[in-house]
Structures are given as structure tokens and as C-alpha cells.
*Asks:* 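Once you've had a glance at the structure underneath, I'll fire off some questions.
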Amino acid sequence: MAQRTRRGDGDPLWRLASHRGLSRRRFLTLLLAGGTTAVLAACGDEIPQWQGETRPQLHDAEPPLVFKNPTPFIDHGHAGLEARLELLSESIAPNDLFFVRNNSRSVALDPAEWSLRVDGDALDEALQLTLDDILRLPQRTMTSYLECAGNHRVMFDLLQGRSAKGTQWGRGAIGNAEWTGVALADVLALAGAQESAVSVLLIGLDPESPEGGFRRAMPIEKALHPDTLLVHRMNGAPLPRDHGFPLRAIVPGWVGSSQIKWLGRIVVSSKPQWTRNNTTSYVLIGDDYEPEGEAEGSVVTLQTIKSALALPWPATIEPGRSRLNGYAHSPHADIAVVEWSDNRGASWQPVVLTGQQVDYGWAQFHFEWEATPGEHTIMTRATDIDGNTQPNHVPFNEKGYLFNQPLPHPIVVA
Ligand SMILES: Nc1nc2c(c(=O)[nH]1)N[C@H]1C(S)=C(S)[C@@H](COP(=O)(O)O)O[C@H]1N2
Ligand SMILES: [Mo]
């Protein structure tokens, strides 16, 4: 699998600092203390100013599960708002149309009172960071899609006749956004992560979720990857409350559950960390999957390659030549080709890929179709530049994760 690192650490201030023999940790510590403001100014770099939301109302009698307007979504209840792909005409999904998945409810945090604690046995010392501290660290902006592990789950039922447990997501438990924040690696460097560190656990501040704070661990290699970010802005705006205000993780290519919202604590450990989200949740349980470590199945980390048409399911369109749009994405590498078939896969034709794929974002595509009256099925199938493609069959797993067979999209032409 090709590791995609398209934005290396090109921060000019850091280049200057490292030229002078400063360690990354020392550099970050100086930045925090404000001691290098002069160097920053000399480099022409601006310290981003916090322009957050106004102080949230914390005293609602019954706080909502989700703050945003649910009207444009397919509402699955239980804080599951599925995006309607047909409303996403641009590559970037606007914040108002970006899907939401909470395991309990959205949290309203006061940025003035919020802080991030970093601790664990594989650190030199525990660290407490305020939002201002985070804003003083080197900033990165990166596009990445974010997709729930259970996106397409309903297809196990519709296409294999076996329904899996969990929210019956169609195709919209996904969105593509531009995120701004800091590298998790920088926060770990600041805390003095030791050689002995093997696992990094991220814990959210949603107290009602199982275990008190939704949490997910990742191996140190993934935590240190320069594209694993802690972000405070989404599509140029302060991170909305539903998406983890004031700080969330973005772990490109990994399933949504690893991208912890309302981040409050990071535990850096010299031992693997097992919590509900890598033992009983987010594991593949079924005849074709092997349990690993303390988990009941194989642990779901990376997403899978998929494609979908930006149409309602089922869709109704008028007869005549029609342009059909869609999205394709792979956690492994850029999309190389997408093909479509209107004869259930007997033959395939290439689509047109639109524009450049940005960072870890999805690819947009379109093709022209001669719509004749009647009922039709159109399939799409994506392949990435490493040769990964959508399989004809995904073995069933109880919780319905990672379904990525080509979807036979029902279309009525009338
Ligand atoms: N703290 C916290 N983080 C969380 C969750 C949660 O319930 N609590 N849900 C996870 C899941 S399962 C998904 S799919 C993504 C959804 O991100 P979004 O709501 O910003 O689209 O957030 C993840 N991060
Ligand atoms: Mo999810």
C-alpha cells in the first residue's frame, strides 16, 4: 500500500529552527512560550487568531442529539444524519450538509474552559494544552474525506439478504472537507513521547457515550504520521459543535470512529490499549474474519475503496441523454479509473474523472447515459492507482462494516 504524504513538513520557521540545531520539541516549546514570535514575524508567518463560535448555550433543558438542522439529511435517529449525495454538487461537502454520527449526543464545550490533557506511561511528563497553545503550533490545512465504518451497511440487507446490526446507513455516511489544525506528532513531540510508546488513545469529552468519553486507540506509527491531524477548523470555519468543537482528530483513510470529536485527553502508552472500540465495536465478526489480540474479530482501521452515484436511491429521471455524477474514494491511493455498467456488470465503460483529487479527498466523476423509459440498474466500480478495486462480494460481518461491492443503483426513467 502506498503511503500518501503529499504535504511534508515544509514549515519555513521549522526549517530555520532545525538549521540552527533545535530539536522539534524545543522548537514547539519555544513557540508555545511565545519566544519565537520574532522569528515567526521574520518568516512572515501569521499566528492564527481564534474566531470561534459565540459561547454556547449550556443550560438547555434537554440538549439536542445534534445541533444542526436535520432537514437536508436522511435522519436515522440516534444522532445519525446521513448526507444526501445528490445535494453535494461540489467536491467539498458544506458543513451544513456534512453527515453526523454521534454515539451519544453532540457536546457544547466552552473553548475558554476547554483543555487537552496528554498523559501516559510512555511520556516524559503529562501536558495540558489550551486552545491558544494549539493555535501557536505549526498549522496545516489538508483535504480528507471522512467515512463511517458502517457506510453502505444497509446493502448487506438489500444485496445479500442478511441484515447487519447498527444504523442502516445507505451511501451518505461520508463527507469530504478541508481541515485545519496541527499534526498529532507535534503534540506528542511536545509531550516528549518516548521510544517505548506503542499506542496512542484519543478520548472524547462526550460523557454519555459508552465508557464515558468515546475513545479509540491507534498504533504509534499512525499517530506519528505527518497527516494525522488534530483540527479546529472545517472548510474555513471554526469546527462546528456537531463535528467536535473545539478540537477533533482527522486520521486520513481510517474509519470515522478513529476520528475522535470533542477531544479531551490523549494517553500515550508503552502497551497496546484495548477499549470497546477495538474489542467488540469496530471489529469484523463473521466466518471469514479472524479475531486478533483482545478483540472479538479483526479490528477495523483503514476504510475500503468505494464509488457511488450522487442520486437518490432509487432515482427517477427523465428520458433522454442524461449526465450522471458520482464520487469515488480509496484510503490507499488516488482513484485511477471508475467504470459504469447498465447491464449488471456484463460490460463496463469508463467515466470522466472531474478535476484533481486533493490530498485525501474523494474524486468526482460523471458520464453521459442514454435514459430510455423503464426500470434500470446502473453500477459503478472504482480502481485506484495501486490496483485496489471494488470486489464482487464482501463476506458478511455481524456489524456490517466496510461494505464495498459495486452498488446496483435502481433508476426509473419516466
Ligand atoms: N467523541 C466522539 N467522537 C466521535 C464519535 C462520537 O460519538 N464521539 N463518533 C465517531 C464516528 S462513529 C464517526 S463515523 C465520526 C463521524 O464524524 P462526523 O459526525 O463529524 O461526521 O465521528 C467519530 N468520532
Ligand atoms: Mo462511525
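Each ligand, and each atom within it, is numbered from 1 in the order the structure gives.
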*Asks:* Using distance alone, determine whether Arg101 and ligand 1 share an N or O pair under 3.5 Å.
*Replies:*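 Yes, at least one N or O pair falls under 3.5 Å.
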
*Asks:* Within the 4.0 Å heavy-atom shell around Phe98, which atoms of ligand 1 are there?
*Replies:*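 Matching atoms, with element in brackets: 21 (O).
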
*Asks:* Hey, are the side chains of Trp340 and Asp342 touching, using non-hydrogen atoms and a 4.5 Å cut-off?
*Replies:*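 SC-SC contact between Trp340 and Asp342 confirmed.
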
*Asks:* Between the side chains of Thr71 and Asn69, does any donor sit under 3.5 Å from an acceptor?
*Replies:*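 On atom types as modelled, these side chains qualify, holding a pair under 3.5 Å.
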
*Asks:* With nothing but distance in play, are any N or O atoms of His243 less than 3.5 Å from an N or O of ligand 1?
*Replies:*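 N/O-N/O distance below 3.5 Å exists for this pair.
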
*Asks:* With a 4.0 Å heavy-atom cut-off (strictly under), which part of Asp206 contacts ligand 1: side chain, backbone, both or neither?
*Replies:*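 Looking at Asp206 and ligand 1, just side chain atoms fall under 4.0 Å.
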
*Asks:* With only distance considered, is Phe99 within less than 3.5 Å of ligand 1 through an N or O on each side?
*Replies:*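 Yes: some nitrogen or oxygen of Phe99 is under 3.5 Å from one in ligand 1.
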
*Asks:* Test your reading of the model: is there a side-chain donor-acceptor pair from Ser330 to the backbone of His332, 3.5 Å cut-off?
*Replies:*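 At least one qualifying donor-acceptor pair exists.
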
*Asks:* Should Arg216 be listed as contacting ligand 1, given a heavy-atom distance under 4.0 Å as the test?
*Replies:*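 Checking ligand 1 against Arg216, which is what was asked, there is no heavy-atom contact under 4.0 Å.
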
*Asks:* For Thr180 and Thr141, run side-chain hydrogen bond (donor to acceptor under 3.5 Å, both in side chains): C-alpha distance rounded to whole Å, both residues' side-chain angles, the deciding distance at 0.1 Å, then the answer.
*Replies:* CA-CA 4 Å; Thr180 302; Thr141 293; 2.9 Å; yes

*Asks:* Which pairs would a plain distance check flag for residues 399-414, meaning a side-chain donor or acceptor within less than 3.5 Å of a matching protein atom at least two apart in sequence or in another chain?
*Replies:*
| unit_1 | atom_1 | unit_2 | atom_2 | d |
| --- | --- | --- | --- | --- |
| Lys399 | NZ | Thr280 | O | 2.8 |
| Tyr401 | OH | Tyr282 | N | 3.1 |
| Asn404 | ND2 | Ile305 | O | 2.9 |
| Gln405 | OE1 | Gln160 | NE2 | 2.7 |
| Gln405 | OE1 | Val394 | N | 3.1 |
| Gln405 | NE2 | Asn392 | O | 3.4 |
| His409 | NE2 | Pro312 | O | 2.8 |

*Asks:* Kindly say whether Ala173 contributes a backbone atom to a donor-acceptor pair with the side chain of Glu82 at under 3.5 angstrom?
*Replies:*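 Checking the backbone N and O of Ala173 against the side chain of Glu82, no donor-acceptor pair under 3.5 Å is found.
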
*Asks:* Return the closest protein heavy atom for atom 7 (O) of ligand 1 as residue, atom name and distance.
*Replies:*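 Among all protein heavy atoms, the one nearest atom 7 (O) of ligand 1 is Asn103 N, 2.7 Å.
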
*Asks:* Any nitrogen or oxygen of Gln259, side chain or backbone, less than 3.5 Å from one on ligand 1?
*Replies:*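 For ligand 1, there is an N or O atom that lies under 3.5 Å from one belonging to Gln259.
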
*Asks:* Does any pair with a residue in residues 301-310 pass salt bridge (charged side-chain N to carboxylate O under 4.0 Å, His left out), and if so which ones, sequence neighbours excluded?
*Replies:*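 Passing the test, one end in residues 301-310: Glu147-Lys306.
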
*Asks:* Any N or O on Lys261 sitting closer than 3.5 Å to an N or O of ligand 1?
*Replies:*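 Right, the criterion is met.
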
*Asks:* Answer yes or no: does an N/O atom from Tyr282 fall short of 3.5 Å to an N/O atom of ligand 1?
*Replies:*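 No, no N or O pair falls under 3.5 Å.
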
